[in-house]
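Chain letters run A, B, ... following the sequence lines, proteins first and then strands; every chain starts at 1.
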Amino acid sequence: MPVDVLEGLNSAQREAVETTEGPLLIVAGPGSGKTRVITHRIAYLVRVCGVSPYRIAAVTFTNKAAKEMRDRLQRLLGARGQGLTCGTFHAFCATVLRRDGRPVGLEPNFVIYDEEDQVDLLKRTMEAAEVDSNRYPVRGVQSAISGAKSVLLDPGGYAARATSPYEKVVARVYERYQHLLARNQAADFDDLLLKTVHLFQQAPEALAKYQSRYVHLLVDEFQDTNVAQYALARLLASQHRNICVVGDPDQSIYSWRHADIRNILSFRRDYPDAKMVSLAENYRSTKTIVAVAKHLILPNRSRVEKDLYTRRELGPPVAVHEAFNEEEEAVWVVQEVDRLVRQDKARRSECAVMYRTNAQSRAFEEACLRYGIPYQLIGGVRFYQRREVKDIIAYLRMVHNPDDEVSLRRVINVPPRGIGARTLDEAARWAQAASLPLHGALEALACQEGDGPSGAAPPLGTRARAAVQGFLQLLERLRQEAKSLGVAGLLDRAVELTGYRRYLLEGEERGEEQWENVLELRGQAKDLEESVPAAEGLARFLERVALVADVDNLDESKDALTLITLHQAKGLEFPVVFIAGLEEGLLPHVRSLDDPEALEEERRLCYVGVTRAKERLYLLRAFRRHIMGSTKPATPSRFLMDVPAEFILAAPRMAPDGWMKQAPGPAAAAPTGGPLPFRAGDKVRHGKFGDGIVVNCVPSDADHEVTVAFRGDAGVKRLLASYARLEKLA
DNA sequence: ATGTTTATTATTTTT
DNA sequence: TAATAAACAT
């Protein structure tokens with residue numbers, strides 16, 4: 001009866017699923033059915049080996065991946081999957097620390113600081129430590145500390161290793177920063193991992209509890225783990241040694257987030273008896289695309305050999321197109337999408353444009369708007385990062401954890417209630433002197449209870465005192481009401497008592513939209529109330545907003561062209577993929593040009609993009625590119641040189657109908673577009689821009705580029721003759 | 001305490 | 001170029 005979990009698997013996949021005992025390393029190429037293998041392996045453990053789901057942990061990097069895994073397991077196991085631990089590293093650690101974090105200084109109600117909160121706190125740390133933030137940019141220090149934490153160095157360990165003056169300064173800041181976090185009952189993202197490892201090292205009974213529980217451990221996206229995460233996985237697995245890691249070194253693109261591919265080497269060193277299974281058959285892409293991907297990644301030195309292949313058809317050749325500039329690159333793509341859709345070759349939702357930097361999306365958005373192509377821009381400001389959302393969350397966080405000073409400072413004057421920088425400075429100074437937490441100092445000051453500890457300094461003016469008093473009363477009231485209200489109700493009260501709605505709607509530029517976001521947040525709180533006991537509601541809600549960032553993700557039901565960065569595209573697939581900006585300095589990015597390892601990562605990024613494509617792949621570059629205010633000539637990316645000519649069809653500027661049917665062949669010389677259709681001085685009319693005068697007209701590939709000065713708001717535009725449909729006026 | 005002007009600085013961003 | 005932060009004036 002239970003053999004069907006093996007059905008439809010190829011032999012390598014089957015081997016991976018059936019290897020249930022001992023350490024296992026699965027190297028999974030793109031499109032090789034990785035998620036399928038993981039889920040089937042879990043199903044196999046439960047249904048064939050009779051392992052209780054309670055004893056299995058599957059750890060992923062993203063909530064999206066975790067959710068997909070849960071959904072698929074639901075289908076495979078139904079109710080028999082109950083009790084499985086499946087989530088991100090960070091979520092797992094947060095759970096452990098809420099329950100058992102006291103030995104490492106965390107109360108169950110600790111808050112989780114995101115990067116913005118981290119930077120806020122660091123700024124103040126550096127001020128207090130008198131470190132000049134011009135000489136030591138906060139972002140840099142933040143990254144250094146994060147890097148230290150990712151390799152499990154605490155302030156002492158880091159200080160001991162610090163050699164350069166810069167590192168010594170960082171060490172000083174790091175030490176104080178950790179003190180402040182502790183005083184705030186807060187952990188940043190890196191702390192979640194670091195503190196869990198420390199907990200396991202310092203409290204053997206805590207480790208024993210989790211070690212004995214998890215008989216089987218699976219780690220997905222292993223190429224993106226950092227040292228701390230790997231250490232954690234090893235600790236967890238050390239009793240039963242059933243650790244299965246799945247990854248693809250060729251798709252490691254997060255070293256700048258301290259992911260360390262060397263973990264794969266460490267794994268082999270730490271588990272010399274590990275079995276290795278390579279999933280090399282690709283089910284996603286055509287032969288052409290797989291071949292291009294292979295050639296592209298081949299020059300990388302640090303690789304684990306893996307011979308990707310597919311049994312799929314050859315498919316159309318890869319189209320390489322050189323546009324004049326980013327604007328025309330975008331127009332070309334948008335028109336090509338439109339053509340594919342009109343000719344029924346693809347639906348819009350099956351097409352994606354991928355690029356290295358977010359700034360590149362702009363030209364594509366404009367082109368989509370101009371040609372009326374619906375699009376979906378992925379990325380940008382994440383929902384929980386939005387100012388108005390974070391403000392509301394800050395109120396909730398203060399209710400939950402009075403020590404959270406970052407939240408306190410964030411909203412003490414939002415909406416404005418007359419507590420400015422001066423008052424706050426005074427309170428902070430006072431708190432310091434009396435060694436009180438900030439909220440304690442504010443309370444003391446508001447009651448005017450005596451003078452400073454030294455008996456001197458008359459504290460606040462009456463006006464400021466009243467304001468502070470008002471704020472504290474507001475908080476107190478919220479805390480009282482929180483006892484009898486759900487999260488949504490509490491949120492409502494916070495909004496009401498602060499007048500936040502009016503503040504947005506009357507004071508802010510995008511108030512309407514911001515208010516919508518607050519309502520969206522409220523909706524989520526309401527949803528959560530349905531499934532969580534009221535007593536845990538607030539804690540669970542705060543946990544979720546801290547650790548889940550993907551509310552606004554790809555909507556597959558929308559019939560729109562997807563615009564997405566290469567990084568975000570990892571894990572996705574599309575029948576039609578356009579990779580834009582294949583130019584030196586962009587892909588590979590300038591900041592990687594002098595570093596061979598960084599260059600390899602850029603190459604992997606490009607590889608990730610190529611391997612997203614199922615049927616059709618387009619590689620684009622511009623001849624000139626507008627970057628940071630000035631236009632510069634661009635040279636073709638070295639990655640383009642690694643695509644063998646036999647797979648390329650040099651796409652003509654205007655794709656004539658059916659050109660995709662042509663046989664692949666070497667790039668043909670660009671034809672010219674015949675006699676000039678316009679001359680400077682001609683009067684013309686354009687459907688959208690109205691009347692204008694031709695300034696210039698030059699041949700451009702198979703077409704003509706016409707520069708027209710329009711009379712209306714349109715100004716001077718450069719258009720392609722065959723698309724602009726300019727009407728010549730007498 | 002808050003609105004205005006100037007200066008600065010620009011990859012990627014799973015948690 | 002354009003967004004954002006810090007400095008500045010009111």
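Between A:Thr565 and B:dT11 there is no side-chain polar atom (N or O) within less than 4.0 angstrom of OP1 or OP2. Look at A:Asn413 and you won't find any side-chain N or O under 4.0 angstrom from OP1 or OP2 of B:dA1. Close to B:dT13, at under 4.0 Å from its OP1 or OP2, lies a side-chain N or O of A:Gln568. Close to B:dT11, at under 4.0 Å from its OP1 or OP2, lies no side-chain N or O of A:Asn358.
Applying the side chain to side chain donor-acceptor pair (under 3.5 Å) test to every pair with at least one member in residues 581-600 of chain A, sequence neighbours left out, gives these pairs: A:Ser302-A:Glu600, A:Glu583-A:Arg625, A:Glu584-A:Arg638. Pairs of residues two or more places apart, or lying in two chains, that qualify as salt bridge (Lys or Arg N to Asp or Glu O under 4.0 Å) and include a residue from residues 135-149 of chain A are A:Glu115-A:Arg139, A:Lys149-A:Asp188, A:Lys149-A:Asp191.
The CG atom of A:Leu377 sits 11 Å away from the P atom of B:dT13 (whole-angstrom rounding). Straight-line distance from the CD1 atom of A:Ile419 to the P atom of B:dT2: 10 Å, rounded to whole Å. Atom pair A:Arg139:CZ and C:dA5:P shows a separation of 12 Å (rounding to whole Å applied). For A:Arg625 and C:dT1, the CZ to P distance is 17 Å, given to the nearest whole Å. For A:Asp120 and C:dA5, the CG to P distance is 10 Å, given to the nearest whole Å. In this structure, A:Met126 atom CE and C:dA5 atom C1' are separated by 15 Å, rounded to whole Å. Look at CG on A:Leu122: it is 16 Å from P on C:dA5, rounded to the nearest Å. Rounding to whole angstrom units, CD of residue A:Glu583 and C1' of B:dT11 are separated by 15 Å.
The side chain of A:His626 lies closest to C:dT1 when the candidates are C:dA6, C:dT1, B:dT15. The nucleotide whose nearest atom lies closest to any side-chain atom of A:Arg422 is, among B:dA1, B:dT13, C:dA6, B:dA1. Distance from the side chain of A:Phe189 is smallest to B:dT15 among C:dA6, B:dT13, B:dT15. Which of B:dA1, B:dT15, B:dT13 sits closest to the side chain of A:Leu547 comes down to B:dT15.
Stacking between A:Trp256 and B:dT13 is absent: the aromatic ring centre is not both under 5.5 angstrom from the base six-membered ring centre and within 30 degrees in plane angle. Put simply, A:His589 rests on the base of B:dT11: the two rings are less than 5.5 Å apart at their centres and nearly parallel, under 30°.
Looking at residues two or more places apart in sequence or on another chain, you find a side-chain contact (heavy atoms from CB on, under 4.5 Å) between A:Asp71 and A:Lys67, A:Arg75. Evaluation of the side-chain contact (heavy atoms from CB on, under 4.5 Å) rule for A:Asp154 yields A:His198 as partners, not counting sequence neighbours.
Judged by the 6.0 Å distance and 45° axis criteria, A:Arg98 is positioned over the aromatic ring of A:Phe110.
A donor-acceptor pair under 3.5 Å links the side-chain atoms of A:Asn401 to the main chain of A:Asn184, judged by distance alone. Checking side-chain atoms of A:Ser133 against main-chain N and O of A:Tyr136 turns up no donor-acceptor pair under 3.5 Å. Although no hydrogens or angles enter the test, the distance criterion places a donor-acceptor pair under 3.5 Å between the side chain of A:Arg612 and the main chain of A:Leu572.
A:Arg362 comes within contact range of the sugar-phosphate backbone alone, with a heavy-atom separation under 4.0 Å but no base atom that close. A:Glu221 comes within contact range of no nucleotide atom at all, as no heavy-atom separation falls under 4.0 Å. A:Gly571 comes within 4.0 angstrom of no nucleic acid atom, judged by non-hydrogen atoms across all strands.
A:Trp256 and A:His567 have perpendicular rings, their planes meeting at more than 60° on a 0 to 90° scale where under 30° would count as parallel.
When each of A:Lys390, A:Arg124, A:Arg409 is tested with A:Asp117 by the rule salt bridge (Lys or Arg N to Asp or Glu O under 4.0 Å), just one qualifies, namely A:Lys390.
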Atom pairs under 3.5 Å: protein N/O with N/O of nucleotides 4-10 of chain B:
none

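Rounded to whole Å, the C1' atom of B:dT11 lies 24 Å from the corresponding atom of C:dA6. Spacing of P atoms, B:dT12 relative to C:dA5, comes out at 16 Å, to the nearest Å.
Both key distances under 3.5 Å define a Watson-Crick or G-U pair, and stretches of 3 or more such consecutive pairs in DNA chain B run B:1-10 with C:1-10.
Salt bridge annotation for A:Arg370-A:Glu327: present, with a cationic side-chain nitrogen under 4.0 angstrom from a carboxylate oxygen.
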